[in-house]
Protein chains: 2
Amino acid sequence: MPTRATAPPTLTTRQFELVAKALSDPRRMALLEAIGSAAEYPCHRLCEEFPVSKGTISHHTKELLRAGLIQARREGQYIYFELRRDTLTAYTHELTRRLGRMG
Amino acid sequence: MPTRATAPPTLTTRQFELVAKALSDPRRMALLEAIGSAAEYPCHRLCEEFPVSKGTISHHTKELLRAGLIQARREGQYIYFELRRDTLTAYTHELTRRLGRMG
DNA sequence: TCAATGATTTGACGGTTGTAGAACTGTCGT
DNA sequence: ACGACAGTTCTACAACCGTCAAATCATTGA
């Protein structure tokens with residue numbers, strides 16, 4: 001069976017922790033929401049629309065990348081982010097798996 | 001209409017942040033899993049089974065209580081914790097609601 | 001080649017956090 | 001009343017985190 005192109009249905013312990021950590025900061029969560037609001041979201045628009053410095057934006061997006069919550073596509077001098085919903089579902093599934101059946 | 005005894009189907013912004021923060025620490029997550037592994041879990045068993053001090057256990061359970069992820073019942077000198085799965089479902093639902101439809 | 005724009009990296013700073021240990025409160029048996 | 005046990009609170013500390021500013025890298029256009 002070939003390796004799946006999309007996403008693993010389950011997360012490693014390490015990645016589970018990274019996702020939880022990434023979601024724990026309100027600002028980072030807001031950035032993630034913005035990115036998820038469109039099919040693709042240009043990085044410089046995040047810089048325009050959030051009252052934080054470029055460096056901070058870069059820091060947060062790096063964390064989101066590490067967690068696998070977004071992916072980046074470079075096009076010339078621009079970078080476009082895309083929300084990875086598969087990682088999110090994997091996270092919520094792992095959460096419910098660890099904490100028994102939920103309502 | 002009377003106030004519901006169980007849990008709100010949706011979380012306030014504040015509570016959403018508290019839950020995300022509470023879930024972001026691996027140790028606290030492990031404590032939550034232990035509590036969720038039974039209908040009720042006595043506090044002193046957490047102290048026995050985790051290699052951290054009493055003070056640290058108390059600190060973490062306090063955070064879990066603040067987030068509404070557990071509830072406590074006192075019985076004499078003992079305290080029993082119970083996982084609140086309703087808060088967890090509310091959290092995952094809010095997460096998916098904020099990030100658009102997911103797989 | 002040079003200037004301008006987009007993005008990353010580095011260094012520093014203040015606030016937060018996980019942790020231990022000691023002191024304290026509360027409850028049970030004897 | 002007293003000692004043992006369960007839990008909380010306080011203090012202190014090292015590590016981490018979000019943030020900015022400045023420097024640096026990368027890419028495009030003139």
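Note on naming: letters A, B, ... go to the chains in the order of the sequence lines (proteins, then strands), and numbering restarts at 1 for each one. Because the structure is a prediction, the values reported are computed rather than measured.
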Can you measure A:His60 atom NE2 to C:dT9 atom P for me and round it to whole angstrom units? 15 Å
CG-CD1 distance between B:Leu46 and B:Ile79, expressed to the nearest 0.5 angstrom: 11.0 Å
Between B:Glu94 and B:Arg97, is the closest basic N to carboxylate O distance under 4.0 Å? yes
On DNA chain D, check which nucleotide each of A:Val52 and B:Cys47 is closest to and give me the residue with the more 5' one. B:Cys47
Rounded to whole Å, please give me the gap between CD1 in B:Ile57 and C1' in C:dG18. 12 Å
Under 4.0 Å from OP1 or OP2 of C:dG21: is there any side-chain N or O of B:Ser53 that close? no
CG/A:Leu99 to CZ/B:Arg85 distance, rounded to the nearest 0.5 angstrom? 7.0 Å
Please report the distance, rounded to the nearest Å, between CD in A:Glu49 and C1' in C:dG6. 16 Å
Can you check the A:Phe50 CZ to D:dG18 C1' distance for me, whole Å? 15 Å
Strictly below 4.0 Å, N to O, side chains only: are A:Arg66 and A:Glu63 in salt-bridge contact? yes
Note: contacts of residues 17-33 of chain B with DNA chain D (heavy atom, under 4.0 Å) are none
Indicate the atoms forming the closest heavy-atom contact of A:Tyr41 with A:Ile35, along with that distance. CB-CA, 3.8 Å
Please list each protein N or O that sits under 3.5 Å from an N or O in nucleotides 25-30 of chain D, with the distance.
none

Between P of C:dA7 and CG of A:Leu46, the distance in whole Å: 9 Å
Phosphate OP1/OP2 of D:dT9: any B:Lys62 side-chain N/O under 4.0 Å: yes
For atom CD of B:Glu63 and atom C1' of C:dT16, their distance in whole Å: 11 Å
Candidate pair A:His60 and A:Phe50, rule side chain to side chain contact (heavy atoms under 4.5 Å, CB included), full reasoning: CA-CA 12 Å; A:His60 283 315; A:Phe50 285 84; over 6 Å; no
Working to the nearest 0.5 Å, report the span between CG of A:Leu23 and CZ of B:Phe16. 7.0 Å
Remaining members of the apolar cluster that contains A:Tyr78, side-chain heavy atoms under 4.5 Å: A:Tyr80
What contact category does A:Pro42 fall into here, base, sugar-phosphate, or nothing, at under 4.0 angstrom with non-hydrogen atoms? nothing
Whole angstrom value for the distance that separates P of C:dA20 from NE2 of B:His59: 11 Å
OP1 or OP2 of D:dT19 sitting under 4.0 Å from any side-chain N/O of A:Thr56? no
Give the rounded distance in Å between these two atoms: NE2 of A:His44 and C1' of C:dA7. 12 Å
When rounded to the nearest 0.5 angstrom, what is the spacing between CZ in A:Arg98 and CG in B:Leu88? 12.5 Å
